[in-house]
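Please read the structure below before turning to the comments.
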Amino acid sequence: MKLSIVDTHAHLDMAPFDKDRAEVISSAKNAGVSTIITVGTDLESSRKAIGIAENYSGVLATVGFHPHEAARLKRETIVKLAEVANHPRVVAIGEIGLDFYRNRAPRTLQLQALKWQLELAAEINLPVIIHSRQAKKDMLTLLHDWTSSYKQQSGQPRGVIHCFSDDVETAQRYLDMGFFISFGAYIGYPSSGHLNNVIRSIPPDRLVIETDSPFLPPQSYRGKRNEPTYLPLTATVLAEIRQVSLETIAKDTTQNAYHLFRRPEYQQKKAES
Ligand SMILES: [Zn+2]
């Protein structure tokens with residue numbers, strides 16, 4: 001079987017890809033990664049992401065300010081983000097969130113930046129890509145307020161919790177709010193055994209996969225640059241943990257990714273199956 005999977009989170013705009021971006025994208029395609037979502041982390045990075053998505057048919061972009069960059073996000077910048085988000089290759093607002101582990105921006109500014117960008121996503125009706133590190137309590141409260149104040153068309157995904165590494169109860173609360181859960185290569189690290197329960201608890205129609213390239217490479221490439229080409233390794237680990245076939249993981253996560261990002265492929269595949 002020819003694999004066809006979607007990398008729902010990569011940073012192709014970043015400097016480690018400057019020398020060989022075209023090769024990285026074509027190598028991923030050959031490895032069965034049919035679509036790559038390249039994720040913006042500030043205004044400049046979001047513009048670069050759109051540029052890449054314009055140049056490569058298998059790449060789509062998202063726009064947003066990462067929590068590390070939150071201190072640089074001003075009210076006026078939201079207007080500019082809204083402008084770039086209007087581009088036809090843009091499929092989500094992200095990545096946005098809270099990182100109380102690294103705390104590269106003051107917490108109050110992270111919270112403000114997240115609120116503004118959640119409002120923007122609601123206004124222009126796009127799903128969100130959420131980064132949450134050691135910020136579970138605030139994140140659950142904020143997203144609960146957001147999902148209850150902004151009504152969504154029924155069955156339409158709210159967004160995705162990227163690089164999920166929390167427990168079953170927390171996952172359940174995000175699922176209840178309409179979010180998808182995304183896992184990366186870190187699920188195969190020797191220290192990640194505690195995640196097996198949560199990985200098994202996610203319903204098959206809410207699961208997506210990602211590389212977070214150039215970060216978090218698979219175990220066999222640790223210390224090196226990660227790239228979308230390695231995504232099949234994560235799909236394989238996920239299949240082992242969930243005790244289903246690789247084909248099942250590929251089919252489900254691909255369909256879910258198209259659903260999450262509201263792509264026409266979702267309706268097509270639904271009609272086929
Ligand atoms: Zn990221």
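All figures in this text were calculated on a predicted structure; none of them were measured in a lab. We number each residue from 1, following the sequence as shown. Remember, it's 1-based here, ligands and their atoms both numbered in the order they're listed.
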TODO: Going by the side-chain contact (heavy atoms from CB on, under 4.5 Å) test, name the single residue among L81, I130, L126, T62 that passes it with I93.
DONE: L126
Task: Partner of S34 by side-chain contact (heavy atoms from CB on, under 4.5 Å), out of D7, V6, I5 - done: V6
Task: Lys NZ or Arg CZ of R158 over Y150 ring: under 6.0 Å, within 45° - done: yes
Open item on the list: So, applying side-chain hydrogen bond (donor to acceptor under 3.5 Å, both in side chains) with D99, which one of R133, H131, Q110 is it?
Closed with: H131
TODO: Would you mind counting protein N, O or S atoms that sit less than 2.8 Å from the Zn ion (ligand 1)?
DONE: 4
Task: 4.5 Å side-chain heavy-atom contact, T253 and T234 - done: no
Open item on the list: Using only atom types and a distance under 3.5 Å, with no angle test, would you say the side chain of T38 pairs donor to acceptor with the backbone of A61?
Closed with: no
